[in-house]
Each structure stands twice: as C-alpha cells, then as structure tokens.
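Throughout, numbering of the chain's residues begins at 1 and tracks the sequence.
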Amino acid sequence: FGAKSPLTGGIKESNSGGVLGVALANLGLRGLIIQNAASQWTYLLINEDGISFHAADALMGKGIYETVEILRQVHGKKAAMAAIGPAGEQLLPVACIGITDIDGVPARHAARGGLGAVMGSKRLKAIVIEPSAHLPQPADPSALAIAKKRFNDALLNHPTTNEVLRKYGTAFIVDVTNRIGALPTRNYSAGQFEGAESINGETLYQMITDRKGKPIHACMPGCVVCCSNVIPDKDGKELNRALEYETIGLMGSNLGISDLDTICRLNKLCDDIGVDTIETGAALGVMMDQGILPFGDGKGALQLVQEITHHAHLGQLLGSGTTATGKALGAKRVPAVRGQSLAAYDPRALKGTGVTYASSPMGADHTAGNVLPGSKLPDGSAPDNTLPDRQIELSRYIQLVGTLFDCLGLCWLAKPPIFLDFTLVTDVLNALDGGGWDIEKIFKLAASTLDVELAFNKAAGVSQVNDLPEFFRTEKLPPFGYVFDVDSDAMQGIHQIGPQDL
C-alpha cells in the first residue's frame, strides 16, 4: 500500500504478506489506484465481473477480525481481504491495514506510516478480492518453471532461509541484536535486555511446539520459507499468529516485558484495533519513561492500547504516534525521525540502519533498508556495523535493494540467496513477461523509484535527510557505550550516490 503518510507528511509504502497480492494477480491486475472519498462508508469488491462498491454500515466500529469474518460469510472463504479497524475509522495516524493470510485470518499487516488512516479517510472499510480460477499466462511457461525451481532451490539450500527463518521466524533476531547491544530496551535507554532469553526465537519455538501450535507456517501459497507461526495459549486455543521480531522488540524489551504470552496479547489487540505494533510500542515506551506506567507493566500496557477504541485521552494520544506522545508529555528521549518511530534496531550499534532512518524517503522504517550485521557492499566488503566508516554507502545500497524488492513485490526475507545472485530474480521476470531484464535494469528501476519518492517529498515540503534525535548522538548506549557518530553533513549527500557508484 502506498500513500502520503499522516505521520511523516511524505511518501509512504507499507508492505505485508498474505494472499491479497496473489488474488489481485490472479485477476490479471498489477495494482489499484483509489482516489477521492466515498460519500458513505463502503467496501470494495473486485472479481471477474468487475469492481463494485457496497455499503459497510454493518461493519462500522468492528475490529479487523470480526470485519473479515462477516465478509467471509458473504463472499466465501477463498476471498482475499484487507480491512481497517476502529483506529482507521478514527483516522488515527498509527492505523494499519489487516490482510488475510493463507487461512483467511487477517494477521498480516501493512502497518507502517498510518496508511490505515488514509484508507479510512476514503471511507473505505475493506477491500475484498474474489480470485479467478484462470491464471494469467506467462510469456514462457517452461522457462518460468525452470526459474521458479532454481529460485526455490536457492531458498531451500541457504541456511538462513531454510533453517533459521523456517524454525524460528524473525524472532531469531532477538539474540542477534541483544548480543551486539542493539535491542531496544526500556525506551532505547539500553541495548541489551536481561530478559532476552525469555522472548527469543528458541523460547518462542519451544512454547509453540509444547502447546501443539505451528512454528512453521506460510502466509501465502507457494512460499517455501514458511517463517510465520500460529501460537496457542496454554489451553490450546489460538492466542496469536504472525508474531515478528519488531513486535517482540517494541512490545517486549522496549517496555521491559519478558513474557511472550503478554506480548502475543498486545500483538493480537493491536492487530484487531488496527494499529502498528512498532509505532504503538515505541509510544508506550515513551509513556513508561515518563512515568505513566512502570516498565514491565504488561497489564497496564494492554489497558492503554484498549483505550484507543474508547476515545480516552491517553488512548487517543497513543494512537497519535510516538512523536505526538513525546511532545505532549515533554519527553526528551523520543525515538522517532520525521514523525515516525524507529523500528527495533538501535542506530548507535547498527549505524548503517541509523543512516537509513535519517535518509530514507520513508522515514525511520527498517523495511526501507535495514543494515544488519554482516551486510555487504557489492565489492564483498562488510563494514563494521559499530563504526561510522562506509555506513552511508552501505545504507544507500541496501535502500536500493529494498526499493527493488518493493517494486517487484518480493518478500524481503527471501534476500539471503538473492543478494548472492540477482539472476534468480531476472530469470523469473524474463520468463513472466520477456522484458529483457538484467541486473543493471532492475537497479536502474530501483534508483529511478527512489528519485520519484524523493521528488514527492520535496514537493510535499519534507526534508530529504533528517538527523536522528540528539540523544542518539549524546547518550552512550549501555553496555558497550556506543553513540551514533556518522557525520550529519556527509549524510546529506547520500542520494547523490548512484547505482553506477556501487
């Protein structure tokens, strides 16, 4: 989903897993453009007969889960859906869009940037797509079969995608960031959490398997990585699904909460109300830092999130985002850039990600170019993530690749083998449409897309590069004492680095 963000004031794309894109493609459609606003609340139906609008009166005020269940009763279990909850109806800047997964459960979310509020501004409660049984035909079916097999084999033969992600999902990152001192803890006041072992990938995997859940789950058909999950409670009833690292970091360590059941309840509640767990977790962290709640108070956090739907003062403040919360409470430690909260990676220990936070057209968004330890430049070098050297160059490259993945509709978690061989992608593209794709062409596509995004922001009056909040430069991050020390003036030139320079 893409729009002008109510949080940043600039361009924003927000991506999600789930079956919506597959259903759209089955109808031969590459995208939808929604303009203006309906005169009354409606939902959009797309199928082989065309496009139609339907009254959404019976859906108003309902959470995303109930909304989808009502629509599934009308349009069948095969229909793919996107819906907003009460937060989107209220046009709250942290509102997200829930997407149905392979089981028809709206547990996937286009969450960042407040695009659920944009959907709400159009009085669009939901989008329903009834997929076609007649798939569009590729330019070269036999070549596509070969390219798909090579692509899947690469995923199945890479240890990250076939072993780590498949078993632990993105929760494996908890140990990675905690080890290097980049795990947000108690509103970014520390980089390691004493309760990390209670919320890491191994503990989550053990909890799911002990309760007979699904630690391995695909969010869409055809995925061989299957890095999602279905998590039961202690009685075997589904508690949550699609729990990701960023939610564990922002709703867990960032709040001083070391109980996975509580984190799952927070995640599910946010998913149903329709708010971004990253933005909400960061805003809760600011509230706790300001004494509204004590760190570690999971019950209090759940009550505050619930207040978003009750129009209560603190709930509305929470639904307004991290920057607004920090301003209202007079907080000095507000982890946000351009109105949007940072994701679960402290930039003092991951300096390349810090550059991305400051310079991406999307604002402080890890999906726009997350520079994790070991990230390599095209020459094979991997700059030390704790040192400022070459981090601007590295961030620019990872931003280019992230933009490329978004342009092509690729899952970012498929990146490990693709970074080693981009012909995995170009072979599929050429078999699909015979368009003469090569590595140079796809990177030019990414670079030109970034240029369009930057031009949009300039026209919207949004700065091309914003420095990180001052505390990241002045407060030493325990336990290793890192500060963010990439030169601010040098970051201003990041968008002059072209693909030919990489």
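- A salt bridge does not link Glu130 to Lys78: none of the charged nitrogens lies less than 4.0 Å from a carboxylate oxygen.
- Side-chain contact, His217 with Asp103: a donor N or O sits under 3.5 Å from an acceptor N or O.
- Side-chain rings of Tyr43 and His75 approach one another, their centers coming within less than 6.0 Å.
- Counting only N and O atoms by type, the side chains of Arg112 and Ser341 include a donor and acceptor under 3.5 Å apart.
- The CG atom of Leu183 lies 9.0 Å from the CG atom of Asn254; values are rounded to the nearest 0.5 Å.
- Atom NZ of Lys125 sits about 5.5 Å away from atom CE of Met60, to the nearest 0.5 Å.
- Of the possible polar contacts, none joining the Asn26 side chain to the Ala133 backbone as a donor-acceptor pair under 3.5 Å is found.
- Smallest separation of non-hydrogen atoms from Pro417 and Leu424: O-CD1, 3.7 Å.
- The nearest pair of heavy atoms linking Ala431 to Pro138 is O-CB, 3.7 Å.
- Judged by distance alone, the side chain of Gln137 and the main-chain N or O of Leu135 form a donor-acceptor pair under 3.5 Å.
- Cation-pi geometry between Lys268 and Tyr65 is met: the NZ or CZ atom falls under 6.0 Å from the ring centre, inside 45° of the normal.
- With hydrogens and angles disregarded, no donor-acceptor distance shorter than 3.5 Å links the side chain of Thr42 to the backbone of Leu124.
- Between Ile64 and Asp271, every side-chain heavy-atom pair lies at or beyond the 4.5 Å cut-off.
- In Lys148, the NZ atom is not crowded: 12 or fewer heavy atoms of neighbouring residues, nucleotides or ligands sit closer than 6.0 Å.
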Inset, instruction - For the pair Ile278 and His366, evaluate side-chain contact (heavy atoms from CB on, under 4.5 Å) and give the outcome as yes or no after the intermediate values. - result: CA-CA 11 Å; Ile278 295 176; His366 67 293; 3.7 Å; yes

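- Relative to the six-membered ring of Phe405, Lys415 misses at least one condition, a distance below 6.0 Å or an angle of at most 45° to the axis.
- Residues His109 and Asp276 have side chains not in contact (no heavy-atom distance under 4.5 Å, counting atoms from C-beta outward).
- In this structure, Thr325 contributes its side chain and Leu317 its backbone to a donor-acceptor pair below 3.5 Å.
- With hydrogens and angles left out, the side-chain atoms of Thr356 and Ser395 include a donor and acceptor closer than 3.5 Å.
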Inset, instruction - With side-chain contact (heavy atoms from CB on, under 4.5 Å) as the test, would you mind laying out the steps for Arg123 and Gln40 before giving the verdict? - result: CA-CA 6 Å; Arg123 300 188 186 91; Gln40 62 183 22; 5.6 Å; no

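- Remark: the Ser142 side chain and the Asp140 side chain contain an N/O donor-acceptor pair separated by less than 3.5 Å.
- A salt bridge does not link Asp272 to Lys62: none of the charged side-chain nitrogens sits closer than 4.0 Å to a carboxylate oxygen.
- A salt bridge links Arg241 with Glu238: the distance from a Lys NZ or Arg NE/NH1/NH2 to an Asp or Glu carboxylate oxygen falls below 4.0 Å.
- With hydrogens and angles disregarded, a donor-acceptor distance shorter than 3.5 Å links the side chain of Asp233 to the backbone of Lys237.
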Inset, instruction - Determine, step by step, whether Leu408 and Leu445 satisfy the side-chain contact (heavy atoms from CB on, under 4.5 Å) criterion, reporting the C-alpha distance in whole Å, the side-chain angles of both residues, the deciding distance to 0.1 Å, and the verdict. - result: CA-CA 10 Å; Leu408 301 180; Leu445 171 67; 4.2 Å; yes

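- Across Ala80 and Val19, no two heavy atoms sit closer than the pair CB-CG2, 3.6 Å.
- Judged purely by atom type and a 3.5 angstrom limit, Asn152 has no side-chain atom pairing as donor or acceptor with the backbone of Val224.
- By the 4.5 Å heavy-atom criterion applied to side chains, Phe172 and Glu202 are not counted as neighbours.
- Considering only heavy atoms from C-beta on, Ile173 stays 4.5 Å or farther from Tyr168 through its side chain.
- In summary, the side chains of Glu163 and Thr160 do not present any donor paired with an acceptor at a separation below 3.5 Å, with no hydrogens or angles considered.
- Taken to the nearest 0.5 Å, the CG atom of Asn157 stands 9.0 Å off from the CG atom of Leu155.
- Between the CD1 atom in Ile273 and the OG1 atom in Thr309 there is a gap of 5.0 Å [rounded to 0.5 Å].
- No donor-acceptor pair closer than 3.5 Å links the side chain of Asn15 to the backbone N or O of Asp406.
- Between the side chain of Ser5 and the backbone N or O of Thr8, at least one donor-acceptor pair lies under 3.5 Å.
- Other residues, nucleotides and ligands place no more than 12 heavy atoms under 6.0 Å from the NZ atom of Lys214.
- Asp365 contributes a side-chain N or O that, together with a main-chain N or O of Thr367, makes up a donor-acceptor pair within less than 3.5 Å.
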Legend entry - Worked check of side chain to side chain donor-acceptor pair (under 3.5 Å) between Gln399 and Ser359: CA-CA 9 Å; Gln399 286 186 55; Ser359 63; 3.0 Å; yes

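- Checked for salt-bridge contact, Asp421 and Arg150 meet the test: a charged N lies under 4.0 Å from a carboxylate O.
- Using a 4.5 Å cut-off on side-chain heavy atoms (C-beta onward), Lys4 and Lys12 make no contact.
- Atoms CD and CG, from Glu279 and Leu318 in turn, are 9.5 Å apart once rounded to the nearest 0.5 Å.
- At a threshold of 4.5 Å between non-hydrogen side-chain atoms, the residues Asn47 and Leu45 count as touching.
- A donor and an acceptor atom, one from each side chain of Arg108 and Ser228, are located under 3.5 Å apart.
- Using a 3.5 Å distance cut-off with no hydrogens or angles, the side chains of Asn370 and Thr353 do pair a donor with an acceptor.
- A donor-acceptor pair under 3.5 Å links the side-chain atoms of Gln316 to the main chain of Ile308, judged by distance alone.
- Residues Tyr245 and Tyr345 place their aromatic rings such that the two centres sit under 6.0 Å apart.
- In this structure, the separation between CG on Asn267 and CG on Leu260 is 11.0 Å, given to the nearest 0.5 Å.
- The environment of Lys441 atom NZ is dense: over 12 non-hydrogen atoms of other residues, nucleotides or ligands sit within 6.0 angstrom.
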Inset, instruction - Quick one: do Lys327 and Thr322 satisfy side-chain contact (heavy atoms from CB on, under 4.5 Å)? Show the steps, please. - result: CA-CA 9 Å; Lys327 184 176 181 180; Thr322 307; over 6 Å; no

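- Residue Gly9 comes nearest to Ala460 through the heavy atom pair O-CB, 3.6 Å, listed as atom of the first residue, atom of the second, then distance.
- Of all non-hydrogen atoms in Ile199 and Ser253, the two that sit nearest each other are CD1-N, 4.0 Å.
- If you run side chain to side chain contact (heavy atoms under 4.5 Å, CB included) between Leu429 and each of Asp438, Ile442, Leu144, only Ile442 comes through.
- Looking at heavy atoms from C-beta onward, Gln464 lies in side-chain contact with Leu454 at the 4.5 angstrom threshold.
- A side-chain N or O of Thr203 and one of Asn200 form a donor-acceptor pair less than 3.5 Å apart.
- For the pair Leu314 and Met287, the minimum side-chain heavy-atom distance is below 4.5 Å.
- Ile208 approaches Pro215 most closely through the heavy-atom pair CG2-N, 3.4 Å.
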